[in-house]
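By convention here, the first residue in the shown sequence is residue 1.
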Amino acid sequence: MHPEQLEQHLKGRLAPIYLFAGDEILLVEEAGDQVRIAARRSGCGEREIFHAVQGFDWNSLTRSGANLSLFSTRRLWEIRLPTAKPGVEGGKILTALASHPPADTVILIFCPRLDAATQKSAWLTSVERAGVLVIMPTVERAALPGWIAARMRSRGLIPDPDAARLLAERVEGNLLAGAQEIEKLRLLLGKGTVDADTVEAAVADSARFDVYVLADACLAGDPTRAVRILMGLRREGTELPLILWALTRELRTLAGLAVEVDRGVSAERALSGVWERRRPLMIRALRRLGTRGSEDLLRQSAQVDRHVKGSLAGDPWGEMFGLVAKFSGGFP
């Protein structure tokens, strides 16, 4: 089911099980909210949440299913999977739940984006057969201004193109921050037209400056964005070892891929172990840096590490800015 079909579906009888898959937490949670509201209307007065992290007792689901609800005639379960791979035991339990759902229970399962192998798994097939599978779209950076404009219009705001682009730049791919800023604008301005000057005056810089976004900007060869993110990380007090770890991890992967390609392995085969969404970034960086460039950057990252640990004199942050600039193509 497409997310936009969910509202109409929930006007009818609830399915026994729903699975929401996607990497956009805001969209996944908002879709879950729709089912929660419908479940409450249908008499679900008891809610139980299961976090299926490492070491989770999958049999607790079986035991809970055997227990009758104490306070209401219907229950709502939420099963949160940190990855879309519940393992052998988890897969068996989820298959059993889908095949024989507990009486008077609505089950919500939340997980990240499904890869090709998971989409063919027995447990997912069982869930889809028994209930509803909702795949939440990923809002790519290029599509973010359009998403923001559409959300603003749904809240009674009429943005001009510059306003939507500016807000997209400020929130740096963070949909939750974007949604919060739109609500702030709605409260401040009420309904009506919004231009870029208004956004500039009203919206804080809510960019999600995290180490993973920095690594992606470096791989993409975007020095302006990479340095801006690094400045944000420094303002937020992010520890240098964490930043260096994220960059070095990508450089090791990149260097290993470059060696394989040099040996005659096709880029497609070399990248088979890389998350599909990240392959275009890796290919772009491979073409730009190659084996020599990747290995040079690894040596530079080792030198930054010595500055961070104090075994080399100098400014660790200055060295880090140099590494980021070179990694992202800011200077040769």
Chemist: Any sub-3.5 Å donor-acceptor pair from Arg288's side-chain atoms to Phe327's backbone N or O?
Modeler: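 Yes: the side chain of Arg288 pairs with the backbone of Phe327.
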
Chemist: Between Tyr18 and His9, does the ring centroid distance fall short of 6.0 Å?
Modeler: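 Yes, the ring of Tyr18 comes within the 6.0 Å limit of the ring of His9, centre to centre.
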
Chemist: Rounded at 0.5 Å granularity, tell me how far CZ in Arg47 sits from CG in Leu76.
Modeler: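 One finds 6.5 Å between CZ of Arg47 and CG of Leu76.
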
Chemist: Looking at Glu7, I want to see if its CD is surrounded by more than 12 non-hydrogen atoms of other residues, nucleotides or ligands under 6.0 Å.
Modeler: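 Open: at most 12 neighbouring heavy atoms sit under 6.0 Å from CD of Glu7.
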
Chemist: Would you say the side-chain atoms of Asp23 pair up with the backbone N or O of Arg113, donor to acceptor, closer than 3.5 Å?
Modeler: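 Checked: pair present.
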
Chemist: Does the side chain of Val265 come within less than 4.5 Å of Val261's, by heavy atoms?
Modeler: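 They are not in contact (no side-chain heavy atoms under 4.5 Å apart), so the answer is no.
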
Chemist: Would you say CZ of Arg249 has more than 12 non-hydrogen atoms from neighbouring residues, nucleotides or ligands within 6.0 angstrom?
Modeler: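 Enclosed.
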
Chemist: Roughly how far, to the nearest 0.5 Å, is the CD1 atom of Ile109 from the CG atom of Leu94?
Modeler: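 So the CG of Leu94 and the CD1 of Ile109 are separated by 5.0 Å.
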
Chemist: Any sub-3.5 Å donor-acceptor pair from Thr118's side-chain atoms to Leu114's backbone N or O?
Modeler: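 Not a single qualifying donor-acceptor pair exists.
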
Chemist: What heavy-atom pair brings Val227 and Val324 nearest, and what distance separates the two atoms?
Modeler: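 In this case the closest contact between Val227 and Val324 is N-CG1, 4.3 Å.
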
Chemist: State, with a plain yes or no, whether a side-chain heavy atom of Leu240 is found less than 4.5 Å away from one of Trp317.
Modeler: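 Touching, per the 4.5 Å side-chain cut-off.
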
Chemist: Starting at NZ of Lys85, measure out to OG of Ser121 and round the result to the nearest 0.5 Å.
Modeler: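 So the gap between those two atoms works out to 8.0 Å.
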
Chemist: Can you find a heavy atom in the side chain of Leu167 that is under 4.5 Å from one in the side chain of Leu144?
Modeler: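 A side-chain contact under 4.5 Å is absent here.
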
Chemist: Is the shortest distance from a Lys or Arg side-chain nitrogen in Arg36 or Glu29 to a carboxylate oxygen in the other one below 4.0 Å?
Modeler: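 Yes, charged N to carboxylate O under 4.0 Å.
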
Chemist: Identify the two heavy atoms, one from Leu298 and one from Ser301, that lie closest to each other, and give their separation to 0.1 Å.
Modeler: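 Closest approach of Leu298 to Ser301: O-OG, 2.6 Å.
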
Chemist: Tell me whether Asp160 contacts the main-chain N or O of Ala163 through its side chain, where contact means a donor paired with an acceptor under 3.5 Å.
Modeler: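 The answer is yes, because a donor-acceptor pair under 3.5 Å joins these two groups.
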
Chemist: With distance as the sole criterion, is a donor-acceptor pair present between the side chains of Ser311 and Arg306 under 3.5 Å?
Modeler: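 No, Arg306 and Ser311 have no side-chain donor paired with an acceptor closer than 3.5 Å.
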
Chemist: Under a single-linkage rule joining Ile, Leu, Val, Met, Phe, Trp and Tyr whose side-chain heavy atoms are separated by less than 4.5 Å, which residues share a cluster with Ile25?
Modeler: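 ILVMFWY cluster around Ile25 holds nothing else.
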
Chemist: Tell me whether Phe50 shares a hydrophobic cluster with Leu97, the cluster being built from Ile, Leu, Val, Met, Phe, Trp, Tyr side chains joined at under 4.5 Å.
Modeler: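 Phe50 clusters together with Leu97.
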
Chemist: Please round to the nearest 0.5 Å and tell me the distance separating atom NZ of Lys92 and atom OG1 of Thr62.
Modeler: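 Those atoms lie 12.5 Å apart.
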
Chemist: What distance do Arg41 atom CZ and Lys11 atom NZ have between them, rounded to the nearest 0.5 Å?
Modeler: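 Answer for the CZ-NZ pair, Arg41 versus Lys11, is 9.5 Å.
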
Chemist: Are Asp305 and Thr248 close enough that some pair of their side-chain heavy atoms sits under 4.5 Å apart?
Modeler: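 No, their side chains stay 4.5 Å or more apart.
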
Chemist: Of all the heavy-atom pairs spanning Ala215 and Leu247, show the shortest one and how long it is.
Modeler: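 Distance-wise, the nearest heavy atoms are CA-CD2, 4.0 Å.
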
Chemist: Following the transitive rule for hydrophobic clusters with a side-chain heavy-atom cut-off under 4.5 Å over Ile, Leu, Val, Met, Phe, Trp and Tyr, establish whether Ile243 and Trp245 coincide in one cluster.
Modeler: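 Yes.
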
Chemist: So, are Lys309 and Glu319 salt-bridged, with charged N and O less than 4.0 Å apart?
Modeler: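 No, Lys309 and Glu319 are not salt-bridged.
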
Chemist: Could you work out, with salt bridge (Lys or Arg N to Asp or Glu O under 4.0 Å) as the rule, every residue matching Glu260, not counting sequence neighbours?
Modeler: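 With neighbours one apart ignored, the set is empty.
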
Chemist: Any non-hydrogen side-chain atom of Phe20 less than 4.5 Å from a side-chain atom of Val35?
Modeler: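 Sidechains of Val35 and Phe20: in contact.
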
Chemist: Can you get from Ile107 to Ile49 by hopping between Ile, Leu, Val, Met, Phe, Trp and Tyr side chains that sit under 4.5 Å apart?
Modeler: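 Different hydrophobic clusters.
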
Chemist: In terms of heavy-atom contacts, does CZ of Arg287 have more than 12 from other residues, nucleotides or ligands at under 6.0 Å?
Modeler: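 Counting other residues, nucleotides and ligands, CZ of Arg287 stays at 12 neighbours or fewer.
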
Chemist: Roughly how far, to the nearest 0.5 Å, is OG of Ser126 from NE2 of His100?
Modeler: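 With rounding to 0.5 Å, NE2 (His100) is 10.0 Å from OG (Ser126).
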
Chemist: Just checking Glu4: does its CD atom have more than 12 heavy atoms from other residues, nucleotides or ligands closer to it than 6.0 angstrom?
Modeler: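 Enclosed: over 12 neighbouring heavy atoms sit under 6.0 Å from CD of Glu4.
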
Chemist: Should Arg40 and Glu46 be marked as a salt bridge (charged side-chain N to carboxylate O under 4.0 Å, His left out) after you check the CA-CA gap, both sets of side-chain angles, and the distance that decides it?
Modeler: CA-CA 9 Å; Arg40 283 198 295 269; Glu46 189 176 334; over 6 Å; no

Chemist: Show your reasoning for whether side chain to side chain contact (heavy atoms under 4.5 Å, CB included) applies to Leu230 and Phe321.
Modeler: CA-CA 7 Å; Leu230 183 58; Phe321 273 99; 3.4 Å; yes

Chemist: I'd like to check Leu214 versus Leu233 (side-chain heavy atoms, cut-off strictly below 4.5 Å). Are they in contact?
Modeler: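 Yes - at least one pair of side-chain heavy atoms lies under 4.5 Å apart.
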
Chemist: Side chains of Arg74 and Thr105: do they bring a donor and an acceptor to under 3.5 Å?
Modeler: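 No - no donor-acceptor pair under 3.5 Å links their side chains.
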
Chemist: Search all heavy atoms of Ala98 against all heavy atoms of Ala130 and return the closest pair with its distance.
Modeler: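 Where Ala98 meets Ala130 most closely, the heavy atoms are O-CB, 3.2 Å.
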
Chemist: Could you walk me through whether Asp222 and Arg228 pass the salt bridge (charged side-chain N to carboxylate O under 4.0 Å, His left out) test, one step at a time?
Modeler: CA-CA 10 Å; Asp222 190 342; Arg228 175 173 173 255; over 6 Å; no

Chemist: For the side chain of Thr138 and the backbone of Glu140, is there at least one donor-acceptor N/O pair under 3.5 Å apart?
Modeler: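 Absent.
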
Chemist: For Glu239, look at atom CD and say whether over 12 heavy atoms of other residues, nucleotides or ligands are found less than 6.0 Å away.
Modeler: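 Counting other residues, nucleotides and ligands, CD of Glu239 stays at 12 neighbours or fewer.
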
Chemist: Looking at Thr291, Leu219, Leu254, Leu281, which one forms a side chain to side chain contact (heavy atoms under 4.5 Å, CB included) with Leu286?
Modeler: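 Only one option passes, and that is Leu254.
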
Chemist: Same hydrophobic cluster for Leu312 and Met320, using side-chain heavy-atom links shorter than 4.5 Å among ILVMFWY?
Modeler: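 No, Leu312 does not connect to Met320 through the hydrophobic network.
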
Chemist: Of all heavy-atom pairs between Pro137 and Leu27, which one has the smallest distance, and what is that distance?
Modeler: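 Looking at all heavy atoms of both residues, the closest pair is O-CD1, 3.6 Å.
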
Chemist: When you measure from the side chain of Gln8 to the backbone N and O of Gln5, does any donor-acceptor pair fall under 3.5 Å?
Modeler: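 Side chain of Gln8 to backbone of Gln5: no pair is present.
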
Chemist: Do Val139 and Met136 land in one hydrophobic cluster if side-chain heavy atoms of ILVMFWY residues count as linked below 4.5 Å?
Modeler: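 Yes; tracing contacts between hydrophobic side chains, which count when under 4.5 Å, links both residues.
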
Chemist: Mind listing the closest non-hydrogen atom pair of Cys111 and Thr83 along with its distance?
Modeler: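 The answer is CB-O, 4.2 Å.
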
Chemist: Is there a donor-acceptor pair closer than 3.5 Å between any side-chain N or O of His51 and the backbone N or O of Ile79?
Modeler: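 Not at all, since once roles are kept as given, no pair shorter than 3.5 Å links the two residues.
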
Chemist: I'd like to know if the side chain of Ser60 pairs up with that of Asp57 as donor and acceptor (distance under 3.5 Å, no hydrogens or angles considered).
Modeler: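 Note: Ser60 and Asp57 side chains miss the donor-acceptor criterion.
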
Chemist: Any side-chain heavy-atom pair from Val134 and Val132 closer than 4.5 angstrom?
Modeler: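 With C-beta onward as the side chain, the pair touches.
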
Chemist: Is a side-chain donor or acceptor of Thr198 paired with a backbone partner of Val194 at a separation under 3.5 angstrom?
Modeler: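 Judged by distance alone, no pair lies under 3.5 Å.
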
Chemist: Taking the basic N atoms (NZ, or NE/NH1/NH2) and the acidic carboxylate oxygens, is any pair closer than 4.0 Å for Asp296 and Lys326?
Modeler: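 Result for this pair is no, no salt bridge flagged.
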
Chemist: Set out, in order, the CA-CA distance, both residues' side-chain angles and the distance that settles side chain to side chain contact (heavy atoms under 4.5 Å, CB included) for Thr253 and Met282, then state yes or no.
Modeler: CA-CA 9 Å; Thr253 300; Met282 285 292 181; 3.8 Å; yes

Chemist: Would Glu48 and Arg80 satisfy salt bridge (charged side-chain N to carboxylate O under 4.0 Å, His left out), going step by step from the backbone distance to the final call?
Modeler: CA-CA 11 Å; Glu48 197 167 358; Arg80 297 185 172 270; over 6 Å; no

Chemist: When you measure from the side chain of Thr238 to the backbone of Arg234, do you find a donor-acceptor pair of N or O atoms at a distance under 3.5 Å?
Modeler: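 Side chain of Thr238 to backbone of Arg234, a donor-acceptor pair under 3.5 Å: no, none is there.
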
Chemist: For Glu181 and Arg186: C-alpha separation, side-chain torsions, deciding distance, then whether salt bridge (charged side-chain N to carboxylate O under 4.0 Å, His left out) applies.
Modeler: CA-CA 9 Å; Glu181 297 296 354; Arg186 186 182 65 81; over 6 Å; no

Chemist: I want to check something: taking the side chain as every heavy atom from C-beta on, are Leu19 and Trp123 in contact at a cut-off of under 4.5 Å?
Modeler: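 Answer yes - side chains close enough.
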
